[in-house]
Protein chains: 2
Amino acid sequence: MARRNANGRAAVTISHVAEASGVSRATVSRVVNGNASVKPEIAERVRSEIARLGYEPSPVAQSLSLGRTSTVGMVVPDLGNPTFQSILHGVNQAAASAGYRVLVADSGESDVDEPAIVEDLRRRTDAVIVCSPRMSAESLNAVIPRVVPAVVVNRDEPVPAARVVVDYAAGIVALGRHLVDLGHRRILHLDGPPGSNAQAARAVGLATLAHTYPDLVVLREPCGATIAAGEAAFERARASGATAVIGFNDLVALGLMGRAAEHGWRVPDDVSIAGFDDIPFAHLSRPGLTTVHVALESVGEAAWGALSHQFAEAVGADFRSFTPVLVVRGSTGPALPG
Amino acid sequence: MARRNANGRAAVTISHVAEASGVSRATVSRVVNGNASVKPEIAERVRSEIARLGYEPSPVAQSLSLGRTSTVGMVVPDLGNPTFQSILHGVNQAAASAGYRVLVADSGESDVDEPAIVEDLRRRTDAVIVCSPRMSAESLNAVIPRVVPAVVVNRDEPVPAARVVVDYAAGIVALGRHLVDLGHRRILHLDGPPGSNAQAARAVGLATLAHTYPDLVVLREPCGATIAAGEAAFERARASGATAVIGFNDLVALGLMGRAAEHGWRVPDDVSIAGFDDIPFAHLSRPGLTTVHVALESVGEAAWGALSHQFAEAVGADFRSFTPVLVVRGSTGPALPG
DNA sequence: CTGAAAGCGCTTACAG
DNA sequence: CTGAAAGCGCTTACAG
């Protein structure tokens, strides 16, 4: 069936150009791609016919013929999540400057469907970037070898592919150290979604802290990853007796700060509050939110980099780790004496 | 060239399955697609070979053969912008449930490259969604007919395609009315990026307000669309003598509110401040930000709806308009008497 | 119910 | 420098 645009006009193909120019399709292909030498006057004639007819090669046909699509896929659990949006943005920027497009798939947080989505996406593209904080390690290990070149983002366990991660544990340690230096000895962490990679890393960081500072009491409360979860944790946070609270992320911390303000729990005089991620709003609260900055766009760029590296040489799994940096603002201060 | 995955193993094709099953490729195709009738025992044999070999049809080959890709493209000026992220999320959700994928292209705010990006994207997909607040009307009118089925988001001028818009002017009018009801008679609007469609619509809304309330003074200051722009507008806002300020968006309004707090300009006692968009952080500021809520995910879903409508019937341009709704929080209050 | 053949729109050895 | 031919992996009238 001839390709048609929706106006019902058949699209112009390489055959039309060949016929109009009085040459073979091979020759047209050569002038379009500029790789083999074509007699200048013929090339000129072909070019003018291309312009006159408005010919553009079909990427689909080229993909089938060449065996590559110049497209990479990216799977995320939730496009509505600013974290993945930032990573996607970074990937997209980097890929675009190399002439690649990115095809996104939102798995809707469904960890069971994810392997199938990853495979399907891979069939439509030259490589995949997998951001799947919830997928089980077994699923990941089963699916990754089938879809290389691939890069896995934010998974701490070894996988048979390139990997780029954020060192969340180091971020928590830096934050904890800051609080200890301010005199805090009873710190509460509001946990994120159970089973998520980020939460597991926070737990590791908290354990490191507790081990490093024997006189430090580290408490944990189940909470979540949203503003509403932070708001809902207010009573438990106050009842914990902690002098400093670390939210799983900035949303949680800001939600908690909002409730604290409403209930006269002063920040940082009565309690220090810190977040994680350094979203753009972190500096807008009063006081500004102490947090840890994660260069998510760089993570996306690094993911692309790992892919293009695999395109060039067939080498396997390399590894990039990004260390978050502490950003101190007004929401953390000295612990009250006594 | 045989398609290979990056392990160097050739991918399994329909021919392999046909040979292994002792039938023709046509028959394999039939059982894969389930459309024509195949003798049950043969179908069973083919299915088991498919499972054994791990065969999956190539979407690229199917696309070339069928003339459709089951993919739609979406062009946005900046993926980093939460507005487009939300629209994309809505599109993606709706498209996914219809078995379509979405291919995103970020034009990097370059209005000159956009027409080419739109055309290229369209060649790889079955339709395009164009979110190009800056592209000139002429460019838009030139490119759209070449890429139908298409839908244009947030452009107020007529275009030869389906269109879905947010009625920004109505939003501003609702906000202005609210302020007038509170007694404000001198209102400042902090303008967004010149030339953007949203800014043009705000200007229309402001003019409507001025016309509706003859004793109302409507001031405007060039500003921008970011937190930093809102912060930078503080001095000019205070100097304007306005009793109420409307930010181009919530970011601007929050930036302004932050500076106001620092300088002892009390909200809403000394000045009322309102934003636009109702981002998730709008209710987190103290006081909460009065703003106008825009259902961006619904806009995305409607864009998909307009496309699938065009897939079904070849009919042309329909139109959907979303009216923002006023959300009153604590940042706006009565104007001071006198 | 099934297969041989042509076609989708390209690219690229291979000959000349 | 150029063309005829085969191939990429599918689908679908058309015959039988």
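To find a chain, count down the sequence lines: A is the first, B the second, and so on, and within it residues start at 1.
- Checked options A:V128, A:L103, A:I87; the residue passing with A:M74 is A:I87 (criterion: side-chain contact (heavy atoms from CB on, under 4.5 Å)).
- A gap of 22 Å separates the P atoms of C:dT11 and C:dA15, to the nearest Å.
- Comparing D:dT2, C:dG3, D:dG9 against the side chain of B:S24 picks out C:dG3 as the nearest.
- Note on B:V23: only backbone sugar-phosphate atoms sit closer than 4.0 angstrom, heavy atoms only; bases stay farther off.
- Screening A:V153, A:T83, A:N154, A:D156 for a side-chain contact (heavy atoms from CB on, under 4.5 Å) with A:V166, the sole residue that qualifies is A:N154.
- Here the separation of C:dT12 from C:dG16, taken at their C1' atoms, is 16 Å to the nearest Å.
- One distance of note links CD of B:E56 with CZ of A:R146; it measures 7.5 Å at 0.5 Å rounding.
- Of all non-hydrogen atoms in B:A127 and B:L307, the two that sit nearest each other are CB-CG, 3.7 Å.
- With no hydrogens or angles considered, a side-chain donor-acceptor pair links A:D126 and A:T69 at under 3.5 Å.
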Item checked: Nucleic acid footprint by protein, nucleotides 11-16 of chain D - heavy-atom cut-off 4.0 Å, B for base, S for sugar-phosphate alone -> SBB---

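- Heavy-atom neighbours of B:E157 CD from other residues, nucleotides or ligands within 6.0 Å: above the threshold of 12.
- Across every strand in view, C:dA13 sits unpaired, with no contact that passes the Watson-Crick or G-U test at under 3.5 angstrom.
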